[in-house]
A.B. asks: 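Here you go, one structure.
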4 protein chains.
Amino acid sequence: MDDILNQYLTTRQYTNTLCKPLQTEDFTPQSAAFASPPKWHIAHTTWFFEEMILKTYSPNYQIFDNEYSYLFNSYYNTIGKRIERHNRGLITRPNIDIVFKYRDYVDQHMTQLLKTTENETVKSLTVLGVNHEQQHQELLLTDLKYTFSLNPICPKYTDLNFVEDTNTDTGWLDVTEGVYNIGHDTDGFCFDNELGMYKTYIHPFSINKALVTNQEFIEFIEADGYKTANYWLDEGWHWINSNKITQPLYWIKIKNTWHHYTLSGLKPVNPDAILSHISYFEAAAFAFYKGMRLPTEFEWEVASKHLNWGKRWEWTNSAYLPYPNFEIAKGAVGEYNGKFMSNQMVLRGASVATSKNHSRHTYRNFFQSHTQWQFAGIRLAK
Amino acid sequence: MDDILNQYLTTRQYTNTLCKPLQTEDFTPQSAAFASPPKWHIAHTTWFFEEMILKTYSPNYQIFDNEYSYLFNSYYNTIGKRIERHNRGLITRPNIDIVFKYRDYVDQHMTQLLKTTENETVKSLTVLGVNHEQQHQELLLTDLKYTFSLNPICPKYTDLNFVEDTNTDTGWLDVTEGVYNIGHDTDGFCFDNELGMYKTYIHPFSINKALVTNQEFIEFIEADGYKTANYWLDEGWHWINSNKITQPLYWIKIKNTWHHYTLSGLKPVNPDAILSHISYFEAAAFAFYKGMRLPTEFEWEVASKHLNWGKRWEWTNSAYLPYPNFEIAKGAVGEYNGKFMSNQMVLRGASVATSKNHSRHTYRNFFQSHTQWQFAGIRLAK
Amino acid sequence: MDDILNQYLTTRQYTNTLCKPLQTEDFTPQSAAFASPPKWHIAHTTWFFEEMILKTYSPNYQIFDNEYSYLFNSYYNTIGKRIERHNRGLITRPNIDIVFKYRDYVDQHMTQLLKTTENETVKSLTVLGVNHEQQHQELLLTDLKYTFSLNPICPKYTDLNFVEDTNTDTGWLDVTEGVYNIGHDTDGFCFDNELGMYKTYIHPFSINKALVTNQEFIEFIEADGYKTANYWLDEGWHWINSNKITQPLYWIKIKNTWHHYTLSGLKPVNPDAILSHISYFEAAAFAFYKGMRLPTEFEWEVASKHLNWGKRWEWTNSAYLPYPNFEIAKGAVGEYNGKFMSNQMVLRGASVATSKNHSRHTYRNFFQSHTQWQFAGIRLAK
Amino acid sequence: MDDILNQYLTTRQYTNTLCKPLQTEDFTPQSAAFASPPKWHIAHTTWFFEEMILKTYSPNYQIFDNEYSYLFNSYYNTIGKRIERHNRGLITRPNIDIVFKYRDYVDQHMTQLLKTTENETVKSLTVLGVNHEQQHQELLLTDLKYTFSLNPICPKYTDLNFVEDTNTDTGWLDVTEGVYNIGHDTDGFCFDNELGMYKTYIHPFSINKALVTNQEFIEFIEADGYKTANYWLDEGWHWINSNKITQPLYWIKIKNTWHHYTLSGLKPVNPDAILSHISYFEAAAFAFYKGMRLPTEFEWEVASKHLNWGKRWEWTNSAYLPYPNFEIAKGAVGEYNGKFMSNQMVLRGASVATSKNHSRHTYRNFFQSHTQWQFAGIRLAK
């Protein structure tokens, strides 16, 4: 179990590291239904270990605080009433000091348990909890960025701005026709939605080795991309018009130069850097404007071993739906992924905000088509 | 061209037949953004022939009324400003007599043109217009049903109530694994979204020869199906709760017996008849409750030659997305299908309200997941 | 009773006269929650006589159709369930021919009753019903104007456009300080909200003998009146910005000239004519811009005998609230006025659309502050 | 100037006292558009002194931080862009330590200025600022209560729960008919909306010496008060039904006993204590149910010298409108009150949360009819 304990402690420590630059006030606010407060992320991930593991598998475990099950539960409907999602930012008490004590308390008990048990369920649930916390680490960053961006004084989180990466590869990769295997194929961890490896028939296609840059997207804007109905899906066209979207999230034009809010404050947009913070609607419109298309998630997976990926989540043209052999797990953990297979698009790859050791070429991320607040970009196919 | 002319005249006549039971007042109201008035349907289908064919291919053609392009255009953004979709029910003028004169006028010119031209584009656009009008014939019925259902006196359209059909086949059909061809494969007409025949790998599956009956769905209701979160997609759960959905559209319980509004008035629900007017969310929840699933559209197409289909549109578990070789046509006609490939689910088959000669096993119908007002039902797979 | 019968028949006939220019389709649509269909107005006013008088006071009276109580009731909550107000436009059946038969049927029975009874309650309820129908005659015109205005072809109702009147008087009327009587003071009919004559102390003020003209309001627009926050009540400022209001209702600028939709079609705005179709918010902003104010309803009533009024409803700076001795009548008729004494402003006078013999200097009309669709204008005070 | 300085320092200190029980996290969240964060209140009141006084009248004054004008401005549109009201809870930076430094900084400069100047404008603006801060002291408490109430663990602010007061007087006070003076009539401070003393004619009325108790309101609830349409204004009826209001704000029934959230946590409702946290709609419905009415603000003012008031803000039946001689002040300070004279009702008196020395019998408080979060109650008249 040493390896699992090590994974556990490393991941838990990394969450603390991410919180270092935060001031006490930063832990509380929720800036949108989708953007949870830092305190919620760090308590919810802790609650997961308490609820799923310690309560059942740690003898004589005393729950830290009974009310936390209600306060820091998320969408696990089977475990009881939960606070309205959009009210998470009002939970000023327990304060952050107590929540960190809660983390310590759970860490101590988890450490003790992992050192002594050989129970395979504990092991697999711990790995699930570690991966769950890694997901929330990325959300902590993207949610914080969204919240900070709404403060007119543009607060700085760190010196690292997360959006300066450039492409290392260029040109097109051609993939030949045939039957390919799709889905998770190793002994390592994966989420339930990657399971049930199966075959799919892929027609010949080409995929770009580079992601779309800021400069390319500026050209789209300047070509009236946001004003040309024909480039857009009908829903996308309504979305940009209803919400007055005329550029990627966080972008603002100051004295004729594009700037954007970054985690190190307001900065000029670097034309050579890889585009970020665009929705599926914007990705699809850009592809149409270029006379190309987005890859399917299956094409992406097949091509991935030849691609340099991991800087941006890459919107695919695949809806988030079950694989042929998908099975929903029993009980609360089973609610994990299947219930969201509705009106979401798959993103493949990983981003600069994704935690280390949390990337796989079979990983299926998913968001609604209008979602912009992730570090998401565009890879073209044809 | 005789065959085309015959198709044209038969289809145009059938629209008139559908309007026979209507009173003048029935032609105007719009009961929801999605449910257009009869007058709009009969004018819009006429406008299609005038705009796409007569204006260009009929020498010296005089437009019947310049304002109709604005009044009776639909989503063809490239052709100019259009009236707000939700305001169609306010167009009391031109009145219905004039709109029928408009139909006659266009029919005369189309007849003359089809008798004299050998132009292949005219031919193919006419066939497209015929199929377009057949789509609107079905919508005319479903929209009228929705409007009438909101009148407390439950008006009767015809003696035929459209929802009494029962299953003729039962049991499971097993389909073997392999690579299958998908998409339109004959010389006959099809829409652009069926084109580009391609290969797909199908894993072994079973599909039911019967559609779900009212009795089976009543059992779901009585088993607290609408109150059990675990059966539902997360979006579906929110949808039924926000909209207080507790039964299929048009159903109402009177003195402990389920009744439903039908096109022949308020009737008791026949337990043996095939279920209708349910959304994708309800179809998916029912399948989950039965421990099964919905077929994909590809599975459906492969199995279809062995199924007795055509009574209900059948929700599939496939999102409406382009086939690998999908190409968007140029110009206004090109707006036809591709722009709606976003957050909609595919339905396969046809319904009792579908016009004759408008069915194909490769036909891809599509609606949003919460849509209930079509004659749509459930076929289970496993 | 001859006088009452005469009033009854004259009023009923005038409703029919107003309907003469309508085509069958015009009777059905509802263009906003506040703008009821013509059919509803003519059925609802008929239902009032049936429900309030014939059912109780006409021996052996047979109700024309039981369902009409539900279909054509308005806000009389005590009389049972009613159709949702915004769905009135979906009632295609009963059709207009039957509704006119309903009117004839009720007219015959009312005529017979009025010829034979000496019952004072019948008399007073008939007078109430006549005044109620006169109110709906004005609404029929204003609602029809609103509906027609949303049809891009700008249908014409009559040759009379209703908005060409000019001022006959000018200058200021000075009123001296003192205690004045307010409220209804004759034997004639009035609504409950005018009753309970009482005293009020009026401070010295001046009121203009003329109403504001289109030209004066155009000057306000050109002085950036709609863009200057300081002129507006806070709610008014939010209202014009949320709804993008930049001119009076029905106005549109065509080639640098203001036009407006009128009941005789689209016309240029006559600068000398009296302004119409503005909200209280716009009236208050205009007064502020002029460095003046609107009169209170009490000032208006005191000054009215010296004013030439009746062309436009005149917004006052008084909220619609009960007089000191206001009493709510018992039963359904009692719901008439008191329950609306909340967040509405009083208008005094009458308009070009008000029926003859329906005006009094004590009449209290009332609408919400953002209401624009009435023939309402501005009289300044200081 | 010593008296002014003393008022200033006492008031500023009292704000700090109110903040003592708060933890750092409590200062940030905003739980509704109407309920601002504590940090915003304490910064905004500080900004008022800096913006209105120090910038103009303190020689060589250095602004503490230029961005605060944007961050902590409220509705003073003339002073420049401001942050969206509903986003105040996202301002985590500047943190609370810096905001208290800002307070200290301004206090030092204000102290110095008040010690040295004889400028009458400085004096009057300081008194205005003191009264402004006192208003925000009450809001700080009511807003905090609203925010805390949405935390399922019901945090405690202090041992004092603010809602235990009982009536000391009972019976009816009769007031005789006549002309009375209304409005501010001393040399002391008042807001602009109280100015311009004028005469009004009051008809004879009786007003209760006691406020309505919790027990009396429980009787209303148990008499189906919230389910009886006739008791309610039409808007009120829609409001309770749309928002599912079935009891006063903060009330919850636990095991058949009414409890309510108070600033000292969840407590049983004391039947003898004075009712609080009801809207005008609820006050008006209760009065109707009792066969009585609410007093007008003029009746209240005339009767006030014989009443024991100050425990609850008392809803009157008067709309918030200008007095006959009301004048809007010039510039930013002039935006103070007049622009809100639209769709609000007047409350008279004061509450347990009102700061000392902030009460006057001519004081006109005002809120929208549905507002519940103030310590507002009911005094009946007839």
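Below, chain A is the first sequence line, B the second, and so on; all start at residue 1.
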A.B. asks: Do A:S36 and A:R88 meet the criterion of a side-chain donor-acceptor pair at a distance under 3.5 Å?
C.D. replies: yes

A.B. asks: Parallel, tilted or perpendicular, judged at 30° and 60°: which one describes the rings of A:H132 and A:H136?
C.D. replies: perpendicular

A.B. asks: Once side-chain hydrogen bond (donor to acceptor under 3.5 Å, both in side chains) is applied, do any residues pair with B:D174, and if so which ones, sequence neighbours excluded?
C.D. replies: B:S206

A.B. asks: Taking the six-membered ring for Trp, is the centroid-to-centroid distance between A:Y201 and A:H203 below 6.0 Å?
C.D. replies: yes

A.B. asks: Which one, B:R293, B:M345, B:M341, leads in non-hydrogen pairs under 4.5 Å with chain A?
C.D. replies: B:M341

A.B. asks: Indicate, with yes or no, if the rings of B:F326 and B:Y323 have centres closer together than 6.0 Å.
C.D. replies: no

A.B. asks: Need one label for B:F281: side chain, backbone, both or neither, based on atoms under 4.5 Å from any heavy atom in chain A.
C.D. replies: side chain

A.B. asks: Less than 4.5 Å to any heavy atom of chain A: does that hold for the side chain of B:T296, its backbone, both, or neither?
C.D. replies: neither

A.B. asks: So for B:L321, is it side chain, backbone, both, or neither that comes closer than 4.5 Å to the heavy atoms of chain A?
C.D. replies: side chain

A.B. asks: Can you name the residues of residues 367-374 of chain A that have some heavy atom under 4.5 Å away from a heavy atom in chain B?
C.D. replies: A:Q368, A:S369

A.B. asks: For the aromatic rings, using the six-membered ring if either is Trp, is the centroid distance between A:Y363 and A:W313 under 6.0 Å?
C.D. replies: yes

A.B. asks: Less than 4.5 Å to any heavy atom of chain A: does that hold for the side chain of B:F288, its backbone, both, or neither?
C.D. replies: side chain

A.B. asks: B:Y280 and B:N317: side-chain donor and acceptor closer than 3.5 Å?
C.D. replies: yes

A.B. asks: Whether the side chain of A:Q344 engages the backbone of A:A319 through a donor-acceptor N/O pair (distance < 3.5 Å, no angle test) should be reported.
C.D. replies: no

